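Report on one structure; see the data block that follows.
Quick caveat: nothing in here was measured; it's all calculated off a predicted structure.
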Amino acid sequence: MDKYLLKNGNIVTGSAIKNGSVLVENGSIADIFYEQESLSGIDAKAVDCTGKYVGPGFVDIHVHGGRGNDFGSAEPEAVLDGIHYHLENGTTSIAPACISISFEQMDRAVLTLKQIEQKCRATILGFHVEGVYLSPVYRGGHLLGNLKEPDPKDYMPLIERHADFITEWTLAPELSGGIELVRQCTKNDIVTSVGNSDASYDVLMEAIDEGMEHSTHFACVMGGLRFEALGDSTGKGFAPGVFETVLLDDRLTTEVIADGYHLHPGIIKLAVKCKGYDRVCIVTDAMMGVGLPGGEYVIGGQDCVVKNGIAIIKNRPDVIASSVTPMIDMLRFVVERCDVPLNKAWMMASQVPARVVRADGRKGSIEAGKDADILVMDGQLNIESVFARGVLQQL
């Protein structure tokens, strides 16, 4: 494995951007130098990063496909190609997600990821289960006929077989049996996330008390302010819904789809203002059409149309069918349109999502001892080099 010295770059960390050099050896970040005189005598391939940004590879914990390939598929080469599309766009660590499909299909999708894990150039962190336990009212792009209420007979076999490989489970905790699923996931160290939900404040607080830690695609298909009786009266008042409770409770992290179609910049600013940079992560939620021209594609058994950078469910034209935007473009959007400093936006696309799925011990930041997942970008945030576990990728 080649040894590299990334010299004289602007090293991006969550706290600052500072000139320095990064030594990559044996797939890891061996050292970081902020004094040029420290570089004498180092025997490594030099990469001149003068005027360039050097930061961590992106970590996408919610993504459904890429370059015409669906991550719910059991086709190894197709899934591998989809993951490598995202790697070429800076995502060095990924947690492929399913939309609501059968448990048999989920099992095959997980087995496929395990099969390709060793030959994948990016790091597969595990599998994100998005569905099938979602609110019919807030189902978004999920097929109504695929939604169910939580039943241990369905979900426990998947947990028992793959708990060590499931990074996250998105669910609506207000469903009958929803809180018990949160308990079982917590017991098996699977992160649970509220999503596609109309939970009340009390129900969501119970779920959080039982171990729920995250919220999926903030503001999207998420119940808001509730008009309901707050006491023994026919008169109604206002209570927090999922949207407000996510902002209120610091035990929950959240994620934003920063493609400019799912969320107005003001919503992203609101999430950051309320939660802080270190509790909001960027996810692509990208589907199979990302990286390809406009046209017709399928997601979760539904036809959708991709046109002008947005995917729409064909027979429900007001519903967005995931994004068709890679992480690098979302990073630019957050910096340019949401007034987020570059180092904080980069952190939201790397260190924060890594921490959400407990991978931050080896991923998500430029620190000695961590995997050498590194991006080199020019001043306009164009990717020039991608290192994945110390290997320079061909773009």
To the nearest 0.5 Å, tell me how far [X] [atom1] sits from [Y] [atom2].
X	Y	atom1	atom2	value
F58	S350	CZ	OG	7.5 Å
K187	I159	NZ	CD1	10.0 Å
S135	M222	OG	CE	12.0 Å
L395	I383	CG	CD1	7.5 Å

Point to revise | Reference residue M330; test side-chain contact (heavy atoms from CB on, under 4.5 Å); the match among D259, V335, V283 | key: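 Of the listed options, the one satisfying the test is D259.
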
**Study point:** For I374, the option from L392, I11, V24, V47 that meets side-chain contact (heavy atoms from CB on, under 4.5 Å)
**Key:**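 The residue from L392, I11, V24, V47 that satisfies side-chain contact (heavy atoms from CB on, under 4.5 Å) with I374 turns out to be V24.
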
Is it true that the side chains of [X] and [Y] contain a donor and an acceptor less than 3.5 Å apart?
X	Y	result
D60	T284	yes
H162	K114	yes
H86	N89	no
T325	S323	no
S100	E130	no

Exercise for review: Keeping to residues at least two apart or across chains, list the side chain to side chain donor-acceptor pair (under 3.5 Å) pairs with something in residues 383-395.
Suggested key: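 Pairs touching residues 383-395 that pass the test: K52-E384, R121-Q393, T123-R389.
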
Practice item. Please step through side-chain contact (heavy atoms from CB on, under 4.5 Å) for the pair L23 and I42, ending with a clear verdict. Key: CA-CA 9 Å; L23 180 64; I42 294 177; 3.8 Å; yes

Point to revise | All side chain to side chain donor-acceptor pair (under 3.5 Å) counterparts of K314, not counting sequence neighbours | key: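 K314 satisfies side chain to side chain donor-acceptor pair (under 3.5 Å) with E296 only.
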
Point to revise | Those residues that, when tested against E255, pass side chain to side chain donor-acceptor pair (under 3.5 Å) (two or more places apart) | key: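 Partners of E255 under the side chain to side chain donor-acceptor pair (under 3.5 Å) test: H62, H214.
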
Practice item. If you link ILVMFWY side chains whenever their heavy atoms are less than 4.5 Å apart, which other residues fall into the same cluster as I320? By chain and number, please. Key: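 Besides I320, the hydrophobic cluster comprises Y261, I310, I312, listed by chain and residue number.
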
Check your understanding: Are I179 and V132 connected in the hydrophobic side-chain network, where two residues link if heavy atoms are under 4.5 Å apart?
Key ->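 No, because I179 and V132 fall into different hydrophobic clusters, even though each may have its own neighbours under 4.5 Å.
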
Check your understanding: Is there a path of hydrophobic side-chain contacts, each under 4.5 Å between heavy atoms of I, L, V, M, F, W or Y residues, that connects M205 with V194?
Key ->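 Same cluster.
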
Practice item. Step by step, work out the salt bridge (Lys or Arg N to Asp or Glu O under 4.0 Å) result for K370 and D360. Key: CA-CA 9 Å; K370 288 195 174 183; D360 56 320; 5.8 Å; no

Check your understanding: Should the pair W169 and F103 be assigned to parallel (<30°), tilted (30 to 60°) or perpendicular (>60°) ring geometry?
Key ->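 Tilted.
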
Check your understanding: So which pairs with a foot in residues 200-220 pass salt bridge (charged side-chain N to carboxylate O under 4.0 Å, His left out), sequence neighbours left out?
Key ->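 Qualifying pairs: R183-E210, D209-R251, E213-R358.
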
Exercise for review: Scan for salt bridge (charged side-chain N to carboxylate O under 4.0 Å, His left out) pairs involving residues 274-285, sequence neighbours excluded, and state none if there are none.
Suggested key: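 Every candidate salt bridge (charged side-chain N to carboxylate O under 4.0 Å, His left out) pair involving residues 274-285 fails, so no pair, neighbours aside, qualifies.
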
In terms of heavy-atom contacts, does [atom1] of [X] have more than 12 from other residues, nucleotides or ligands at under 6.0 Å?
X	atom1	value
R337	CZ	no
E228	CD	yes
Y201	OH	no
K344	NZ	yes
K45	NZ	no

Are side-chain heavy atoms of [X] and [Y] found at a separation under 4.5 Å?
X	Y	answer
P173	S197	yes
V182	L171	yes
V386	E88	no
C220	L263	yes

Practice item. Test F218 against F243 for ring pair (Phe, Tyr, Trp, His ring centres under 6.0 Å), laying out the working first. Key: CA-CA 7 Å; F218 178 68; F243 181 95; 4.8 Å; yes

Exercise for review: Apply side-chain contact (heavy atoms from CB on, under 4.5 Å) to K18 and Y34, showing your working.
Suggested key: CA-CA 8 Å; K18 186 176 179 181; Y34 291 108; 3.8 Å; yes

**Study point:** N-O pairing of D43 and K3 below 4.0 Å
**Key:**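 Not counted as a salt bridge, because no side-chain N and carboxylate O are separated by less than 4.0 Å.
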
